[in-house]
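The block underneath contains the structure these notes are about, expressed in structure tokens.
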Amino acid sequence: MADRSYVRTGIRDAVATVTIDRQSRLNALNPQVMAEVDAAFAELRDRDDLRAVILTGAGDRAFVAGADIGVLARMGPVSGASVSREGQDVLRRIETFPRPVIAAVGGYALGGGCELALACHLRVASDRARFGLPEVGLGIIPGYGGTLRLSRVVGLGRALELILTGEMIDAARAAEIGLANVVVPHGELMERSRALARRIARNAPVAVELALKSVYQAIDGPAAHAQELEAALFGLLASTADMKEGMAAFLEKRKAQFTGR
Ligand code: COA
């Protein structure tokens, strides 16, 4: 893996872990961190031995405490729009990553950090996690896709409450509103995230990838197109060796051995 200053990648048992490590700033996202996160995912994208990715923040205090306010403070209207667009693009590439991406949130996930967690497909929170979109208190709005994604995940009323008040919520409340999929004891965060990844990895890899594609197409596009695509992907999966294996295994009362073909 490439040598980076702020982002580490490790792979074990077909599950990659991408760790953002800028602990002196609670893992805040400056342009270099963003570029390194983007590069780490680009490097993982072509690996067909991979079944899932876990994205996390180093240390005990933060997933990511937001975009770097020191950098944001210097932006003007034109550079501000590019900061937003470039951040949106990086997060969109995570959302469209072909394998499931799980955010393991063990502390602050604020502003851009909350938006980063929202761009992941699933969120595991430790009981020390805190989520929030404090941007309006800084005179800005969430600019990395958060105004769009939050309401999809928690519903319009709750999204507006979080965005307009800028208040933080704890892990239990995040799970109650669906922002976190599950809350786990802090010390078990990575193991429980890996267990979720391994559970997904037991399924047919191409089916998992096309399920993600179908679900996101359904929320992004018109219903008629989404249904068309779902039917086409469903048909495509009928051509895979894994479909034959999955169904044969069920009928023969044995465990399926998937090959990703
Ligand atoms: N950008 C830049 N620096 C940040 C940062 C961010 N988003 N979040 C934290 N830091 C820095 C702090 O400035 C501090 O640096 P210092 O040691 O040089 O003073 C260091 O990280 C530790 O944070 P600190 O504020 O001392 O910790 P705390 O426990 O008192 O508070 C938070 C933690 C998360 C509540 C607080 O850091 C905070 O509000 N951060 C900003 C969150 C935010 O608004 N994010 C959205 C940005 S759009």
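First listed ligand is number 1; within each ligand, the first listed atom is number 1. We use all heavy atoms of the structure for the numbers below, so side chains are in, but hydrogens, waters and symmetry mates are not. Bear in mind the structure is a predicted one, so any value in this text is a computation, not a measurement.
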Looking at atom 7 (N) of ligand 1, would you say a protein heavy atom lies below 4.0 Å from it? yes

Residue, atom name and distance, where the atom is the protein heavy atom closest to atom 39 (O) of ligand 1: Leu110 CD1, 4.7 Å

May I ask you to identify the nearest protein heavy atom to atom 17 (O) of ligand 1, giving residue, atom name and distance to one decimal place in Å? Arg25 NH1, 4.2 Å

Can you confirm whether Arg123 sits close enough to Val182 that some side-chain heavy atom of one is under 4.5 Å from a side-chain heavy atom of the other? no

Using every non-hydrogen atom in the two residues, find where Asp220 and Arg152 come nearest and quote the distance to one decimal. OD1-NH2, 3.0 Å

Please check whether Ile140 reaches ligand 1 - meaning an N/O of the residue sits under 3.5 Å from an N/O of the ligand, judged on distance alone. no

Check whether any side-chain heavy atom of Ile20 lies under 4.5 Å from a side-chain heavy atom of Leu29, and answer yes or no. yes

Could you tell me the separation between the CZ atom of Arg158 and the OG atom of Ser151, rounded to the nearest 0.5 Å? 13.0 Å

Any non-hydrogen protein atom less than 4.0 Å away from atom 19 (O) of ligand 1: no

Enumerated ligand 1 atoms positioned under 4.0 Å from heavy atoms of Leu138: 44 (O), 47 (C), 48 (S)

Taking it one step at a time, do Val15 and Val53 satisfy side chain to side chain contact (heavy atoms under 4.5 Å, CB included)? CA-CA 6 Å; Val15 176; Val53 179; over 6 Å; no

For atom 30 (O) of ligand 1, grab the closest protein heavy atom and report residue, atom and distance to one decimal in Å. Arg61 NH2, 4.7 Å

For atom 26 (O) of ligand 1, is the nearest protein heavy atom closer than 4.0 Å? no

Only one of Leu26, Leu189, Asn27, Leu116 passes side-chain contact (heavy atoms from CB on, under 4.5 Å) with Phe63; say which it is. Leu116

Do Val64 and Val83 belong together in a cluster built from hydrophobic side chains that touch within less than 4.5 Å? yes

Distance-minimising heavy-atom pair for Arg8 and Asp21: NH1-OD2, 2.5 Å

Selection from Gly143, Gly113, Pro134, Gly166 by shortest heavy-atom distance to atom 46 (C) of ligand 1: Pro134

Among non-hydrogen protein atoms, atom 42 (C) of ligand 1 lies closest to Ala65 O, 3.4 Å

Measure the distance from atom 41 (C) of ligand 1 to every protein heavy atom, then report the residue, atom name and distance (to 0.1 Å) of the closest one. Ile69 CD1, 3.8 Å

Any protein heavy atom sitting closer than 4.0 Å to atom 13 (O) of ligand 1? no

Please state which part of Ala28 comes within less than 4.0 Å of ligand 1, counting heavy atoms only: side chain, backbone, both or neither. side chain

Could you pull out every donor-acceptor pair under 3.5 Å between side chains of residues 225-234 and any protein atom, sequence neighbours left out?
none

Has Arg45 got more than 12 heavy atoms of other residues, nucleotides or ligands less than 6.0 Å from its CZ? yes

Can you pull out the closest protein heavy atom to atom 24 (P) of ligand 1? Residue, atom name and distance to 0.1 Å, please. Leu26 CD1, 4.5 Å

Just to be sure I read this right, does ligand 1 sit under 4.0 Å from the backbone of Ser24, its side chain, both, or neither, counting only heavy atoms? backbone

Verify atom 34 (C) of ligand 1: protein non-hydrogen atom under 4.0 angstrom away: yes

Given the side-chain rings of His121 and Tyr216, with only the six-membered ring counted for Trp, is the space between their centroids under 6.0 Å? yes

I'd like to check whether Tyr108 has a polar contact with ligand 1, where a contact means an N/O of the residue lying under 3.5 Å from an N/O of the ligand. no

